[in-house]
Amino acid sequence: MHSTYMQEAIEEAHKARLIDEVPIGAVVVYKGEVIGRGHNQRETLGDPTAHAEMIAIRKAAERVGSWRLTGAALYVTLEPCPMCAGAIVNARISTLVYGAEDPKAGAVSSLMNLVQDKRLNHSVTEVIAGIRQAECAQLLRDFFRQLREK
């Protein structure tokens, strides 16, 4: 099940790569249905908040007609940054599943654990890391290698 939804996020990451964006993808799943999709579009939109997670969360909220996404799971190819981790908490997402760790900006396990900080008014109930980790990490390595070669 987790691998299947992560595949959906990986497909979103490929969409980002096709438009020369950092290949990160995300999907929000609720009751077995993908209700929001997103891929990085920071360069395309000129928007520093246009991360895959932010776009997927926004689309999911529009779909259900509420900012509260309690019971939903977010699948993302890279460990969320502090901004995205904050949005995940604020959206009341129950489960976070990610592929590769982000040692430079990760706010779930690498630098901090913002999504499960008990000082906040809400926290993610379950975090599952490393789903299709090698594939998610390879997407990023290939992108940045190609960028350096240009």
Side-chain angles (χ1 to χ4, degrees), residues 1-30 34-61 67 69-70 72-150:
M1 170 180 77
H2 294 309
S3 183
T4 300
Y5 291 126
M6 187 59 75
Q7 178 59 39
E8 299 270 346
I10 290 168
E11 289 171 14
E12 287 295 319
H14 285 295
K15 290 178 186 177
R17 180 65 189 99
L18 288 173
I19 57 172
D20 292 326
E21 294 276 359
V22 176
I24 301 170
V27 296
V28 177
V29 177
Y30 182 70
V34 175
I35 61 168
R37 298 175 179 278
H39 54 273
N40 270 11
Q41 296 184 60
R42 290 191 311 172
E43 300 297 331
T44 302
L45 299 176
D47 179 354
T49 70
H51 288 202
E53 301 96 317
M54 301 292 282
I55 294 167
I57 290 168
R58 189 174 301 119
K59 288 181 179 178
W67 61 269
L69 298 174
T70 306
L74 175 70
Y75 289 79
V76 61
T77 57
L78 183 67
E79 178 184 359
C81 72
M83 175 184 67
C84 294
I88 291 163
V89 169
N90 284 323
R92 308 296 195 263
I93 289 173
S94 301
T95 303
L96 170 63
V97 182
Y98 66 90
E101 289 186 345
D102 185 351
K104 294 182 179 180
V108 180
S109 64
S110 295
L111 300 178
M112 63 190 83
N113 186 354
L114 186 62
V115 299
Q116 293 183 317
D117 190 323
K118 297 302 178 191
R119 296 171 294 176
L120 299 174
N121 66 333
H122 174 73
S123 63
V124 173
T125 306
E126 183 178 24
V127 174
I128 302 167
I131 301 297
R132 298 181 72 165
Q133 179 177 2
E135 187 175 355
C136 293
Q138 192 63 49
L139 282 169
L140 292 163
R141 279 193 297 274
D142 290 348
F143 174 80
F144 287 112
R145 180 182 40 78
Q146 290 171 352
L147 195 62
R148 285 189 298 276
E149 290 172 357
K150 283 184 178 179

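All residue numbers refer to positions in the sequence shown, counting from 1.
Residue pairs meeting the salt bridge (charged side-chain N to carboxylate O under 4.0 Å, His left out) criterion with at least one partner in residues 126-137, sequence neighbours excluded, are Arg132-Glu135. Residue pairs satisfying the ring pair (Phe, Tyr, Trp, His ring centres under 6.0 Å) criterion with at least one member in residues 115-136, sequence neighbours excluded, are absent. Within the structure, salt bridge (charged side-chain N to carboxylate O under 4.0 Å, His left out) contacts touching residues 113-124 (residues at least two apart or in different chains) are Asp117-Arg119. Counting only residues at least two apart or in different chains, salt bridge (charged side-chain N to carboxylate O under 4.0 Å, His left out) contacts with residues 46-61 are absent.
Residues Ile24 and Leu140 form a side-chain contact, since some pair of their non-hydrogen atoms from C-beta on lies under 4.5 Å apart. Considering only heavy atoms from C-beta on, Asn113 comes within 4.5 Å of Val115 through its side chain. In this structure, Val76 and Leu96 have side chains that are in contact, with non-hydrogen atoms separated by less than 4.5 Å. Annotation: side chain of Cys136 is in contact with side chain of Met6 (closest heavy-atom distance under 4.5 Å).
A side-chain donor-acceptor contact under 3.5 Å links Glu79 to the backbone of Val108. Panel note: side chain Thr77, backbone Gly99; no donor-acceptor pair is recorded below 3.5 Å. For the pair Asn40 (side chain) and Pro23 (backbone), a donor-acceptor distance under 3.5 Å is absent. A distance-only check finds a donor-acceptor pair linking the side chain of Arg92 to the backbone of Asn90 [under 3.5 Å]. The closest donor-acceptor contact from the side chain of Glu101 to the backbone of Ser110 lies at 3.5 Å or more, if one exists at all. Gln116 places no side-chain N or O within donor-acceptor distance of the main-chain N or O of Ser123, the cut-off being under 3.5 Å. No donor-acceptor pair under 3.5 Å is formed between the side chain of Glu8 and the backbone N or O of Val27.
Counting all heavy atoms, side chain and backbone alike, Ala107 lies closest to Cys81 at CB-C, 3.6 Å. The two residues Ala26 and Leu74 come nearest to each other via the heavy atoms CB-CD1, 4.1 Å. Between Asp20 and Lys150 the shortest heavy-atom distance is OD1-NZ, 4.3 Å. In terms of heavy-atom proximity, Ala56 sits nearest to Gly38 at CB-N, 3.7 Å. Of all non-hydrogen atoms in Pro82 and Leu114, the two that sit nearest each other are O-CD2, 3.6 Å.
Applying side-chain contact (heavy atoms from CB on, under 4.5 Å) to Val97 and the options Ile131, Val127, Val29 leaves one that passes, Ile131.
Every residue two or more places apart in sequence or in another chain was checked for a salt bridge (charged side-chain N to carboxylate O under 4.0 Å, His left out) with Arg42, and none qualifies. For Lys104, there are no side chain to side chain donor-acceptor pair (under 3.5 Å) partners two or more places apart in sequence or in a different chain. Every residue two or more places apart in sequence or in another chain that forms a side chain to side chain donor-acceptor pair (under 3.5 Å) with Lys15 is listed here: Glu12. With sequence neighbours left out, the side chain to side chain donor-acceptor pair (under 3.5 Å) criterion links Ser94 to no other residue. Under the side chain to side chain contact (heavy atoms under 4.5 Å, CB included) criterion, Ala137 pairs with Ala100, Arg141, not counting sequence neighbours. When the salt bridge (charged side-chain N to carboxylate O under 4.0 Å, His left out) test is applied to Glu11, no partner is found at least two apart in sequence or on another chain. With sequence neighbours left out, Tyr5 forms a ring pair (Phe, Tyr, Trp, His ring centres under 6.0 Å) with Tyr75. For Glu21, the side chain to side chain donor-acceptor pair (under 3.5 Å) test picks out Thr44, with sequence neighbours left out.
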- request: Please step through side chain to side chain contact (heavy atoms under 4.5 Å, CB included) for the pair Leu139 and Arg17, ending with a clear verdict.
  value: CA-CA 9 Å; Leu139 282 169; Arg17 180 65 189 99; over 6 Å; no
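Taken to the nearest 0.5 Å, the OG1 atom of Thr70 stands 8.0 Å off from the OH atom of Tyr30. Considering CD of Glu43 and CD of Gln41, their distance stands at 11.5 Å, rounded to 0.5 Å. His51 NE2 to Leu78 CG: the interatomic distance, rounded to the nearest 0.5 Å, is 10.0 Å.
Crowding of Phe143 atom CZ: a count of heavy atoms from other residues, nucleotides or ligands under 6.0 Å exceeding 12.
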